[in-house]
Amino acid sequence: MSIATQSTDSGLILALSKGRIFEDTLPLLEAAGIVVTENPETSRKLILATNDPGVRVLIVRASDVPTYVQYGAADFGVAGKDVLLEHGGEGLYQPVDLNIACCRMSVAVNAGFDYENAVRQGARLRVATKFTHTAREHFASKGVHVDLIKLYGSMELAPLVGLSDAIVDVVSTGNTLRANNLVEVEKIMEISSRLVVNQAALKLKRARLQPIIEAFEKASTLQP
Ligand code: ATP
Ligand code: PRP
Ligand code: MG
């Protein structure tokens with residue numbers, strides 16, 4: 001590990017994304033006796049302090065959490081299964097399904113589009129998604145030919161303006177699909193967020209990490 005990617009001298013570093021993952025991780029941290037003392041929604045700081053001088057929190061994009069942890073710039077983090085499947089999970093130990101930020105990965109199309117028929121006829125589909133790896137695997141396993149269009153957000157817009165026939169995106173309440181006159185035609189998998197730990201940190205900092213991992217595990221089984 002290079003000096004640039006080593007965090008051994010500075011206690012534990014946790015990578016989180018703002019929004020639902022940060023909010024849903026706070027109770028798990030509290031179960032481990034850790035309270036984040038700064039609010040990422042009001043502060044522009046990207047390294048947040050906690051009540052424990054030995055634990056700091058990095059605020060990164062959701063899809064960057066596995067990268068920070070893989071390279072050891074953070075010792076541990078919380079990331080969605082969707083994000084982990086795209087990243088590949090290299091260098092990451094994934095000890096706990098935290099049962100937070102739960103949703104599903106689905107295929108959706110314009111309300112008027114006969115997806116089943118298009119699939120039956122062997123049509124080549126244009127699919128817009130942020131999750132190209134998952135989408136490629138899903139359609140390959142069904143033997144459906146697709147042209148994937150990589151997007152970084154607002155996937156629901158793509159079928160509305162003719163950019164794609166279908167999207168692969170996460171769905172929770174279904175409100176976003178309904179608001180855009182789209183229908184869910186296939187569920188690919190259930191999604192939740194996992195604790196991810198740098199494999200080297202787990203060995204070098206096991207004494208500090210293990211109690212936190214155990215507290216997260218215990219608290220996550222108590223989630224509603
Ligand atoms: P960015 O804002 O950087 O583009 P993002 O949209 O993936 O990233 P979030 O919306 O905070 O970031 O999502 C974080 C994780 O929460 C996702 O990886 C997914 O696992 C889960 N998630 C996404 N949308 C929902 C939702 N509507 N309900 C529940 N969980 C969700
Ligand atoms: C996510 C996702 C969907 C929506 C699904 O967006 O990208 O658009 O949630 O949830 P629903 O089924 O409950 O409507 P998010 O709220 O994260 O906004 P974003 O576009 O900023 O990622
Ligand atoms: Mg989002």
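What you are looking at is a predicted structure, and each value in this text was computed from that prediction instead of being measured. Side chains included, hydrogens not; waters and symmetry mates left out as well; all remaining heavy atoms used. Both ligands and their constituent atoms are indexed starting at 1 by order of listing.
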Worksheet item: Short question: side chain of Gln199, backbone of Leu92 - any donor-acceptor pair under 3.5 Å?
Response: yes
Worksheet item: Which of these, Ser17, Ala101, Ala79, has its nearest heavy atom closest to atom 30 (N) of ligand 1?
Response: Ala101
Worksheet item: Should one rank Arg20, Lys81, Lys18 by closest heavy-atom distance to atom 16 (O) of ligand 1, which comes out on top?
Response: Arg20
Closest non-hydrogen protein atom to [atom], residue and atom name please, with distance?
atom: atom 15 (C) of ligand 1; result: Ile21 CD1, 3.8 Å
atom: atom 17 (C) of ligand 1; result: Asp82 OD2, 3.3 Å
atom: atom 29 (C) of ligand 1; result: Cys102 O, 3.3 Å
atom: atom 4 (O) of ligand 1; result: Arg61 NH2, 3.1 Å
atom: atom 12 (O) of ligand 1; result: Ala62 CB, 3.6 Å

Item to complete: Determine, stepwise, if the pair Phe113 / Leu125 fulfils side-chain contact (heavy atoms from CB on, under 4.5 Å).
Response: CA-CA 12 Å; Phe113 183 75; Leu125 296 176; 3.9 Å; yes
Worksheet item: Touching ligand 1 at all, Gly19? Heavy atoms, strictly under 4.0 Å?
Response: no
Worksheet item: Where do Leu157 and Asn180 land on the side-chain contact (heavy atoms from CB on, under 4.5 Å) test, with the steps shown first?
Response: CA-CA 8 Å; Leu157 189 58; Asn180 292 290; over 6 Å; no
Which atoms from ligand 1 have a heavy atom of [X] less than 4.0 Å away?
X: Ile191; result: 20 (O)
X: Ser172; result: 26 (C), 27 (N), 28 (N)
X: Val170; result: 23 (C), 24 (N)
X: Val83; result: 18 (O)

Worksheet item: Does one hydrophobic cluster hold both Leu98 and Leu12, with members joined at side-chain heavy-atom distances below 4.5 Å?
Response: yes
Practice prompt. Establish whether Leu182 and Phe131 are linked, either directly or via other cluster members, by ILVMFWY side-chain heavy-atom contacts under 4.5 Å.
Written response: yes
Worksheet item: Judging by distance only, is a nitrogen or oxygen of Ser193 under 3.5 angstrom from one on ligand 1?
Response: no
Discussion item. Any nitrogen or oxygen of Lys130, side chain or backbone, less than 3.5 Å from one on ligand 1?
Written reply: yes
Practice prompt. Could you list the residues that satisfy side chain to side chain contact (heavy atoms under 4.5 Å, CB included) with Thr25, not counting sequence neighbours?
Written response: Leu16, Ile21, Leu29, Val78, Ile100, Phe216
Discussion item. Can you confirm whether the side chains of Glu156 and Thr176 place a donor and an acceptor under 3.5 Å from each other?
Written reply: no
Worksheet item: Just wondering, more than 12 heavy atoms not from Lys142 lying within 6.0 Å of its NZ?
Response: yes
Worksheet entry | pair Glu137-Ile188: side-chain heavy atoms closer than 4.5 Å | no
Discussion item. Contact between Asn110 and Asn181 at the side-chain level, heavy atoms closer than 4.5 Å - yes or no?
Written reply: no
Fill in: Within the 4.0 Å heavy-atom sphere of ligand 2, strictly under, residues
Arg20, Glu156, Asp169, Val170, Val171, Ser172, Thr173, Gly174, Asn175, Thr176
Fill in: Trace of the side-chain contact (heavy atoms from CB on, under 4.5 Å) decision for Arg178 with Asn175
CA-CA 5 Å; Arg178 272 188 294 279; Asn175 287 342; 2.9 Å; yes
Fill in: Pair Asp169 + Lys130, salt bridge at N-O below 4.0 Å
no
